[in-house]
Amino acid sequence: DHTEAIVGFVVEGVHPHDLAQWLDRAGVAIRAGQHCCMPLHARLGLGSSARMSLGPYNTTEDVDRLVGAVADVRERFRRAARRPARAAVG
């Protein structure tokens, strides 16, 4: 009887800490960092990752909200990367 799941992931073009902050604004809680697995991060060439956890209290709506919020953040960062850089004012 498996009632919990932990999934580590990265979103291309979005730093895990930025992802966590944007998801928090959308009401979705994840963790970002090295999660006590620095050797694995080093082997994978990662500085950090995101981690989501599910338990028996989570619903399919929670998962849908996570997936939708990640897609929104990914698109936001994709659009920002396509914008021309602003000239420095000084």
Side-chain angles (χ1 to χ4, degrees):
D1 183 23
H2 300 286
T3 57
E4 299 181 18
I6 298 174
V7 178
F9 63 99
V10 294
V11 176
E12 187 176 348
V14 183
H15 191 281
H17 290 102
D18 293 331
L19 179 64
Q21 185 174 15
W22 281 100
L23 292 182
D24 182 59
R25 292 179 182 180
V28 176
I30 66 165
R31 297 286 182 241
Q34 294 183 326
H35 319 293
C36 298
C37 59
M38 291 76 86
L40 175 61
H41 279 108
R43 183 171 179 118
L44 296 175
L46 300 172
S48 59
S49 64
R51 186 188 75 208
M52 49 101 29
S53 303
L54 295 173
Y57 46 82
N58 290 108
T59 65
T60 55
E61 289 81 13
D62 293 332
V63 175
D64 291 343
R65 187 170 55 223
L66 168 71
V67 171
V70 168
D72 291 345
V73 172
R74 184 175 166 201
E75 182 57 30
R76 176 186 298 270
F77 274 72
R78 187 176 292 154
R79 282 194 317 263
R82 286 193 305 247
R83 275 187 286 196
R86 294 181 182 175
V89 178

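Computed over heavy atoms, backbone and side chain alike; hydrogens, waters and symmetry mates excluded.
- Taking all atoms of both residues into account, the shortest heavy-atom contact from V10 to S48 is CG1-O, 4.0 Å.
- Contact between M52 and F9 at its shortest, heavy atoms only, is CG-CE2, 3.6 Å.
- For E12, the CD atom is loosely surrounded, since the number of other residues' heavy atoms within 6.0 Å does not exceed 12.
- In this structure, the separation between CG on L66 and CG on N58 is 9.5 Å, given to the nearest 0.5 Å.
- Connection of F77 to V28 is established within a shared hydrophobic cluster, with ILVMFWY side chains joined at heavy-atom distances below 4.5 Å, either directly or through further cluster members.
- Counted within 6.0 Å of CZ on R31, heavy atoms from surrounding residues, nucleotides or ligands total 12 or fewer; the atom is thus considered open.
- Interatomic distance, CG of L23 versus CD of Q21, reported as 10.5 Å (0.5 Å rounding).
- Minimum interatomic distance between V14 and R74 (heavy atoms only, all atoms of both residues): CG2-CA, 4.4 Å.
- Placement of I6 and L46 in two distinct hydrophobic clusters is found when ILVMFWY residues are connected by side-chain heavy-atom separations under 4.5 Å, directly or transitively.
- Hydrophobic clustering (side-chain heavy atoms under 4.5 Å, transitive across Ile, Leu, Val, Met, Phe, Trp, Tyr) groups V63 together with V70.
- When hydrophobic clusters are built by joining Ile, Leu, Val, Met, Phe, Trp and Tyr residues whose side-chain heavy atoms come closer than 4.5 Å, directly or via intermediates, V67 is grouped together with V7.
- Of all heavy-atom pairs between A50 and L19, the closest is CB-CD2, 3.9 Å.
- Applying the ring-ring contact (aromatic ring centres under 6.0 Å, His included) test to H35 and every residue at least two apart in sequence or in another chain returns nothing.
- When all heavy atoms are compared, the tightest approach of G47 to Q34 is O-NE2, 3.2 Å.
- Here the closest heavy-atom approach between residue A32 and residue H17 is recorded as O-NE2, 3.6 Å.
- Within 6.0 Å of atom CZ in R82, more than 12 heavy atoms from other residues, nucleotides or ligands are found, so the atom counts as buried in its surroundings.
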message: Set out, in order, the CA-CA distance, both residues' side-chain angles and the distance that settles side-chain contact (heavy atoms from CB on, under 4.5 Å) for V11 and V73, then state yes or no.
response: CA-CA 9 Å; V11 176; V73 172; over 6 Å; no
